[in-house]
Amino acid sequence: AGERGRDAATTLSKDHEAMRAPKSVIPIEGLTAAVLNKKVQEIAAQRGRRGTDSRQLLRQLEGLSRLSIEFGPRVEVPILMHVISAQFGLQRNMDDYMDTATWRSCASYLERISNVVVDQGYRLGAQTIDEADLMLQSSNAASRIKAAASGPGGAMAAVAAEQELINPHTGEPETEDERAERVRMEKEAGMSEEEKKTIPVVGSLSMYLTSLEQEYTKSLQQISHHTPEYVARLRDEAKLVVLLTKGHTYYQREGLSDEAAALAQLRIEHLYYRHDTIAKQVDKAAEFYEQYGEVDMLHPACVSDQKGGTDYTKFHPAASSGKPTMADESATETTNWSDLINSLCTYVYQNGNDTARTRATICHVFHHALHDRFLEARDLLLMSHLQDTIYDTGDISTMILFNRMMVTLGMCAFRQGRIWDAHQCLTEVCSGRARELLAQGVSMGRFSDKTPEQEKAERRRQVPYHQHINLDLLEGCHLISAMLLEIPNMAAASVGDSGNTRRARPISRTFRKYHDMYDHQVFTGPPEQTRDYVMRASKALMTGDWKACVELCTQLEVWQLVPGEGVVASIQAMLKEKIKLEGLRTYLFAFSAQYDSLSLSQLCGMFEMTKNEVHSVVSRMMINRELFASWDQPTETIVLRKVEPNSLQVMALQFAEKAANLVEANERLLDVASGNLGYREDWKSGDHGDDRGHRGGHQRNDNRGQRNDGRGNRGFRRDGGSGGGGRGGRGGGRQNRTRQGAGNSGGGRGSGGGRGRGGGRRGEKKY
């Protein structure tokens, strides 16, 4: 405990010493740009050495940067680059993040540099060391050391006997600092205007902007989102976007497309997730903070809407101007964010690398889906073929961004009433660990097999809290879309229509699992979570009580989280229409066997639908052979027909199903024996006549419409053919007869040598 206390006291004393360091580390009298640059180089050379205090060096560099303002941008900007580099060097490892005060100081220095290069027309160049100056310094140092070692008086006599420097223009003696300043001024005088506008610096502006963005993201990942510090930290995002904009403008002007595309992509990733209504309010609050500061720090007299008078004996002086407002609010309100995102993404498409283009496409689709432009988002996604190539990127952060985009696209489809599309987009992410797939949490299971390095890497990939997608809203959209698709499917399967395998196949296994768990509960209390509401609504829909289902689905509190004006009312209206439609279909599936005929007007009254809507739904079910009925137009009734199979047909269907299972089991055994395990799924899909390997040729059957392909790779194979006998394929039809015998596909002898291996067998009937 004593050692820890001494270490803490030592650290505290170093911090206080750094804070008390003088702002200027050299005398101000007679200060020149050459002396300033020399001191900066000395301090920069000390960085990274053992025993040096990095914070003390940073304070010294900051003091020199303030002294360099009077010498102009050519002296100030290189020193600011050294200061920024020292600020980024304060982090000891990749998990440390830059504190807020240092980050804002670094952002102000980068803003100063951006203003110089964008507004004043300067450009940044790479600083190089002149070889002649380097050789001169080394020769002078060597001569001094030699004189100090061999001289009779030692080092002091050698220094005293040093050659006196003479100014060639005036003939007067001068010091080294005066000579350096004279050489610098002469060099600048001989420069052209373009060379004067080029500032040689150490480091890259784009690299520093990228590092600043990474430090901002790391701070949001590690600051608790329950604290006011997190909310205050969000104000810095507007400043970061402005810096990225200036950097993009500068590199675009200089024709450096790679750096400009990288900065444009960073700018996109800080804009794409914001809805237009939220973006306007956030930017307006950021501008207000820049001009007036904290709202809590304003005087209470000036916060009220009423403006006070000039009689300060009755009114507080702060109330004379009234409530502070922004001078120009039109700039924020007139920004078209969709056009801005579109222009930035287009620039990245044209000039960025593969990873940048992929991420720009995902962000573009995300922004379209967030603003209910489903068709544009879907078309852009399909044209980019991201769903086919995303798993080949190898970048986990890009895959997480893709998952976020697919979820947002699914919720967009849900808001527009495209239930099938919504379910297709949401089912893959919502069926598993949605929190981990969206990088919105780390699983801390007791039996987790992750190493500490993997857990750290996963924490670094976490999405900041203000970009999270609400999981309750996501679960509500997924389960309700699954309910609207699965409940009619379950009702159709429950009436004994086992012959229709398309309807018997589950659409959403996740919904069925939750539904079975809800059914098996001994006691079901009032719904509390989103899942409970949807499960109870599905039970009501199964019994035909669509009004209870509508009430349970529309009163979910998660709909209040959807941004936009009037979105909640539109979602509730959409859910009511969809539930009525699926309730009608479920009712017809479940209870049509109990009726001989149904009145159209009665169905309209039960489900509060118009005659055209009911007629459309019932006719579609008839066309799809989901309902065996016909219309009686004069009486406006639906005449139902009984088409249940008799006992012989039921037994035949059962026999066919068992035979198909037996054939599948035999095929698995054959695949195990032959070692071709990879082709089982192809055979199960019904392609009995397809080639198992490379197509070796064809065998001619008596049935001309079918074909048996061999497994061999030896050329065209038939009885007496010129190619060697390949391994026989399966019979592709019903009792097909080849020229070698019934069902023996590969028994012919070829002139090339080798007897074909009889790999075929009698073709089976496919059910």
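What you see is a predicted model, and the numbers here were worked out from it, not measured in a lab. Any value given below was found using the heavy atoms of this structure, including those in side chains, with hydrogens, waters and symmetry copies removed.
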For residues 80-90, which side-chain N or O atoms pair as donor and acceptor with protein atoms under 3.5 Å away, sequence neighbours left out?
from : atom 1 : to   : atom 2 : distance (Å)
S85  : OG     : R47  : NH1    : 2.9
Q87  : NE2    : S105 : OG     : 3.2

Any donor-acceptor pair under 3.5 Å from K578 side chain to G417 backbone: yes

N/O donor-acceptor pair under 3.5 Å between Q462 side chain and G441 backbone: yes

D95 bridged to R460 by N-O distance under 4.0 Å: yes

Flag, side chain of E458 to backbone of V442, donor-acceptor distance under 3.5 Å: no

Polar side-chain atom of H275 near backbone of G564 as donor-acceptor pair, under 3.5 Å: no

Pair E577 + K580: basic N to acidic O under 4.0 Å: yes

Side-chain donor or acceptor of N342 paired with backbone N/O of S338 under 3.5 Å: no

Basic-acidic side-chain contact under 4.0 Å: K218, E215: yes

Donor-acceptor contact below 3.5 Å, side chain H468 vs main chain V463: yes

Side chain to side chain donor-acceptor pair (under 3.5 Å) between S397 and R461, intermediate numbers included: CA-CA 6 Å; S397 61; R461 292 192 295 264; over 6 Å; no

Any donor-acceptor pair under 3.5 Å from D421 side chain to A413 backbone: no

NZ (K197) with more than 12 external heavy atoms under 6.0 Å: yes

Test item: Y250 side-chain N/O and L124 main-chain N/O as donor-acceptor pair under 3.5 Å: yes

Y230 OH: over 12 foreign heavy atoms closer than 6.0 Å: yes

Sidechain-backbone polar pair: R404 side chain, Q467 backbone, donor-acceptor under 3.5 Å: yes

Polar side chain donor-acceptor pair, Y349 to H364, under 3.5 angstrom: yes

E376 bridged to R373 by N-O distance under 4.0 Å: no

